[in-house]
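What follows is one structure encoded as structure tokens, with my remarks underneath.
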Amino acid sequence: MTFRAHSTVDGKLDHFVSRESFDPHSVERMTAEQERYYMASQWQMMWWKFLRHRLAVASGIVLAVFYLSILISEFLAPYHLHSRDAKHIFAPPQELHLFHEDEFVGPFVYGLSYRLNMENLKREYTSDPDLVQPIRFFCSGDTYEFWGLFEASLHLMCPAEGGTLYLLGTDRLGRDMLSRIVYGTRISLTVGLIGISISFLLGLFFGGVSGYFGGWWDTLTQRLIEIIRSFPELPLWMALSAALPVTWSPTLIYFGITIILGLIDWTGLARAVRGKILALREEDFATAAQLMGASSSRIIGRHLIPSFMSHLIASATLSIPSMILGETALSFLGLGLRPPITSWGVLLNEAQNINVVALYPWLMLPVVPVIIVVLTLNFFGDGLRDAADPYR
Amino acid sequence: MFTYFVHRVLIMIPTLLAISVLIFIIIQLPPGDYLSNQIQELKSQGDTAALAKVEFLRHQYGLDRPLVEQYAVWLGVWPGPNGFSGLLQGDLGYSFEFDLPVTDVVGDRLLLSFIVSFATIVFTWVVSFPIGVYSATHQYSIGDHSLTFLGFIGLATPNFLLALVLIYFANVTFGTSIGGLMDPRYLDQPWSWAKFVSVLEHLWIPVIVIGTSGTAGMIRRLRANLLDELQKQYVVTGRAKGLPPLRLLIKYPLRVSLNPFISDIGNLLPQVISGAAIVSVVLSLPTTGPMLVHALQSQDQYLAGSFLMFLSLLTVIGMFLSDVALAALDPRIRLGEQVVR
């Protein structure tokens, strides 16, 4: 390779200095895309990585819809939580139609006509093709107290005047299943959230202390965790919730149950925290902080925990489903929440009987949102966990 | 190996002691006890004869003594009214509701609980092992995706509802009697071949139902472990040397990834016992579950306490067995105690 210097006409080399400032990156110019990637913050990279996990993104959207719905349950439910219809007890789900006799009428249901079969004393409902009951939207129906704050009667959809709208059927008191499921979402989903917050704090505290200080603190915590883990979870939950005083109001019971769920669940998180801290406290940045005189709590809280927070959030998400299922199981057994507080588990309590499967299978419908939420939370948590380590 | 074994047995003792303390606290948590509730009721009815009997029982079972003493008597390290007679001596206490010693109330239940749990674990292993191996060796194939999805559904469906639906269909299609662990005709008969067959006919539903949730987790873990192993150098070397694929798989990576499969029994067992508790309520199986729920509700404290203790004992022993099996399999764990780090 030959090097050609700048030369003047008379053959003498002259000294050349470019007037422009030197740009060290000029040697290897990054494309805009690379630039964006290398300059991105850790959280931004997690976000990108998360977006690539399509199942997790879809699950996140479904979950967002569920969680947003609890803000406006009263508006979304066509009926009030407690409104009864003595004329329609155990009514089957009404089918939604769009066309009546090949003519477009918009969404409507056929009215139900009721007959008691005297032979087997079975309630028989048939849909009456003459009774076209178009659904009304943004209409006024049962009055409710919005979050117990003010009275209102606006609903997303209501039955036609004098008609019925039982898209998921009714229960033994003639209460609309759809409305009850919508209201139940509020309780079932918040049980998981409150429970996980408690177990998150406990896990962070115990795991942090045992990992950072080691020694007999560590031994003690590890023994405690081992003991709690060797308990079968559900019987322990059952025993503890049976210990809640009968005199408590349903709201207090609700908080009692969430606390019980959280109290037992923290062990897994504490182990994860401990493992991470054990590894991280040997890192240079922790030593540096220590040499500069930072206190233990500052090192744990400011330096160690943030560096594995993303992992923690992911594993916390993955343990919400077990809480939701736990609450459902407890309420199903009658040891959990009590009416009038309505969760999916409380609704399923009505489906305890084998007759229900045979005669009124729609009473088992509250299990559908349970499955959806548990599944999506699992996928969402998986996505988060993968994204938590974006450099891999 | 022997030192490890002894060490592991010694650890179990304080664990079980701590568990018994916790259980005792839990069953004492509700205000009052079964007998004082009973006394209230009898007082309101003015039944003095029965009242005297209840007072007698209260004294007999030491319910009028301080809690610490009650615990010591329950455990069997302190002389109660009948001398040293507690859990350590095999005396499970007295069920106030049934007016019988707990041992008599319990009867076959502990054994049947054990059978159901054991069958479930075998089921979980038998099902998840081939599926896990298939999913790992055929990663991202249609079979892998659909099996994983099926596992997830099993994980997400509440056990009790699955139990209801299955028993209904079993009744409609096979004519299996609803509820119980055997046909009603065999209930009070001694064990015979026909009774055994009847138990098997009924056993599959709870076993499948309880097994589904554990199976999903097991499959995922086996799959993940095996996938990690399959990418390692020694597998590539083996393949390059021309080992037949099946032989290669079984000989090295499968054996390594089997390790967590066994240690997982520690996680699986509490899960199985939890699942069994609720499923047996739904299916009204004659196991510990339904009676535990009932005892908890009526504050029949010794009955509830003994059941909880039995279930925990089952878990602790299961964990112990899995640790020992693991140590026997893996020299790293067995010798780990002597290694200086």
Closest-packed option against chain A by number of heavy-atom pairs under 4.5 Å, given Asn159(B), Val272(B), Thr157(B) |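 Winner by heavy-atom pair count: Thr157(B).
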Flag the one option from Ala18(B), Pro158(B), Gly318(B) with the top tally of heavy-atom pairs under 4.5 Å to chain A.
->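 Winner by heavy-atom pair count: Pro158(B).
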Going from CG on Leu164(B) to CZ on Phe332(A), what distance comes out if it is rounded to the nearest 0.5 angstrom?
->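 These two atoms lie 5.5 Å from each other.
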In Å, rounded to the nearest 0.5 Å, how long is the span from CG of Leu22(B) to CG of Leu236(A)?
->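 With rounding to 0.5 Å, CG (Leu22(B)) is 8.0 Å from CG (Leu236(A)).
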What part of Leu348(A) lies closer than 4.5 angstrom to a heavy atom of chain B: side chain, backbone, both or neither?
->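 For Leu348(A), side-chain heavy atoms alone lie under 4.5 Å from chain B.
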Looking at residues at least two apart in the chain, or sitting in another chain, which of them share a salt bridge (Lys or Arg N to Asp or Glu O under 4.0 Å) with Glu226(A)?
->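 Applying salt bridge (Lys or Arg N to Asp or Glu O under 4.0 Å) to Glu226(A) gives Arg223(A).
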Distance-only donor-acceptor hits, side chain of residues 316-326 of chain A, under 3.5 Å, sequence neighbours excluded:
residue   : atom : partner   : partner atom : Å
Thr317(A) : OG1  : Ile313(A) : O            : 2.7
Ser319(A) : OG   : Ala316(A) : O            : 3.1
Ser322(A) : OG   : Ser319(A) : O            : 3.0

Does any non-hydrogen side-chain atom of Phe160(B) lie less than 4.5 Å from one of Thr328(A)?
->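 Yes, side chains in contact.
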Got a sec: does the CZ of Phe114(B) have more than 12 other heavy atoms crowding it under 6.0 Å?
->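 Open: at most 12 neighbouring heavy atoms sit under 6.0 Å from CZ of Phe114(B).
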Tell me, yes or no, whether the heavy-atom count around Ile142(B) atom CD1, taken from other residues, nucleotides or ligands under 6.0 Å, exceeds 12.
->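 Incorrect, the count does not exceed 12.
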Could you please spell out the steps behind the side chain to side chain contact (heavy atoms under 4.5 Å, CB included) verdict for Asp382(A) and Arg220(B)?
-> CA-CA 12 Å; Asp382(A) 270 349; Arg220(B) 284 175 76 201; 3.0 Å; yes
Which of residues 363-381 of chain A get closer than 4.5 angstrom to chain B, counting heavy atoms alone?
->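 Under the 4.5 Å heavy-atom cut-off, Met364(A), Val367(A), Val370(A), Ile371(A), Val374(A), Leu375(A), Asn378(A), Phe379(A) qualify.
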With sequence neighbours left out, what residues match Leu150(B) under side-chain contact (heavy atoms from CB on, under 4.5 Å)?
->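 Per chain and number, Leu150(B) pairs via side-chain contact (heavy atoms from CB on, under 4.5 Å) with no residue.
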For Leu155(B), is it the side chain, the backbone, both, or neither that has a heavy atom closer than 4.5 Å to a heavy atom of chain A?
->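 It is both, since atoms from each part get that close.
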Proximity breakdown for Leu161(B) and chain A, heavy-atom pairs closer than 4.5 Å =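 For Leu161(B), the side chain is the part near chain A, not the backbone.
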